[in-house]
Amino acid sequence: MRLLLVRHPRPGVDPGLCYGSSDVVAPAHETARVRDALRAAGLPGTMPTYASPLERCAALARSLDPSPLRFDARLAEMDFGAWELRSWDTIARSEIDAWADDLLHYRPGGGESVLDVARRVAAFLDDMRAELRGARQPQALVICHAGTMRLLRALFTGQPLITAALEAARTPHRIGYGELLVLKD
């Protein structure tokens, strides 16, 4: 199986803002930039395309005009609850430290824990693999978020859920906007 993961274009938000599950929009020129790069790489071709329904992903997916295209809420970024759309600088250091002390179970801002997100992303991956089973060339394009991409990469290797969740949470965030990651097994 080959899985092509694309991070959404840069959204139109101020730097340093927490915007996990918030439905922020990417400017049209950013969406066009990423779309053009993906088309130049021959994507999506005839492979199925899955996308987070959050607009920064959905707009890119629609602009590629793939067939089939499926939106799946399990691909959304982590819900940071009351932290959403706040500057990271305004979040109490004690709350950030509490999250760092319990990466798996702590719910930042009362939102989702990393383990919650890992469970829904793992369910998506299992369902997608089942859909593609038996395909001559099992492959798919997934347009989502950096956190989701880190989880998919860890889960794709067959790691147990908790190990994958911890690896994804501890992996430094170095996935650029519009970046393409190719996973093969």
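Note that the structure is predicted; figures quoted are calculated from it, not measured.
Leu54 CG to Asp23 CG: the interatomic distance, rounded to the nearest 0.5 Å, is 5.0 Å. In this structure, the separation between CG on Leu3 and CG on Leu155 is 11.0 Å, given to the nearest 0.5 Å. Between Leu181 atom CG and Arg150 atom CZ the span is 11.0 Å, to the nearest 0.5 Å. We find the CG-CG distance between Leu38 and Leu141 to be 7.0 Å, quoted to the nearest 0.5 Å. The CZ atom of Arg62 sits 13.0 Å away from atom CZ of Arg35, with the distance rounded to the nearest 0.5 Å. Atom CG of Asp116 is separated from atom CZ of Arg120 by 8.5 Å, given to the nearest 0.5 angstrom.
The pair Glu77-Arg56 does not meet the salt-bridge criterion, since no charged nitrogen lies less than 4.0 angstrom from a carboxylate oxygen. Taking a cutoff of 4.0 Å between a charged side-chain nitrogen and a carboxylate oxygen, Asp72 and Arg74 qualify as a salt bridge.
Checking Leu152, Thr148, Leu151 one by one against Phe124, the side-chain contact (heavy atoms from CB on, under 4.5 Å) holds for a single residue, Leu152.
The aromatic rings of Trp88 and Trp99 lie parallel to each other, with less than 30° between the two planes, well short of the 60° mark.
Side chains of His145 and Ser52: a donor on one and an acceptor on the other come within 3.5 Å. A donor and an acceptor atom, one from each side chain of Asp97 and Ser94, are nowhere located under 3.5 Å apart. Residues Ser22 and Glu84 have side chains that bring a donor and an acceptor to within less than 3.5 angstrom of each other.
Taking the six-membered ring for Trp, Phe71 and Tyr50 have ring centres at least 6.0 Å apart.
Between the Glu112 side chain and the Arg107 main chain, no donor and acceptor come within less than 3.5 Å of each other. Glu179 places a side-chain N or O within 3.5 Å of a backbone atom of Gly176 that can act as its donor or acceptor partner. Judged purely by atom type and a 3.5 angstrom limit, Arg86 uses its side chain to pair as donor or acceptor with the backbone of Thr90. A donor-acceptor pair under 3.5 Å links the side-chain atoms of Thr171 to the main chain of Glu167, judged by distance alone.
Around atom CZ of Arg39, more than 12 heavy atoms belonging to other residues, nucleotides or ligands sit under 6.0 Å away. For Leu85, the CG atom is densely surrounded, since the number of other residues' heavy atoms within 6.0 Å is greater than 12.
Across every non-hydrogen atom of Cys144 and Cys57, the tightest pair is O-SG, 3.4 Å.
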Worked check of side chain to side chain contact (heavy atoms under 4.5 Å, CB included) between Leu180 and Leu43:
CA-CA 11 Å; Leu180 171 67; Leu43 296 173; 4.0 Å; yes
Would you please test Asp185 and Arg2 for salt bridge (Lys or Arg N to Asp or Glu O under 4.0 Å) and show each step?
CA-CA 7 Å; Asp185 60 4; Arg2 191 169 82 127; over 6 Å; no
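In this structure, Arg7 satisfies the cation-pi test against Tyr177, with its NZ or CZ atom closer than 6.0 Å to the six-membered ring centre and inside 45 degrees of the ring normal.
A chain of hydrophobic side-chain contacts below 4.5 Å, direct or via other Ile, Leu, Val, Met, Phe, Trp or Tyr residues, connects Tyr106 to Phe80.
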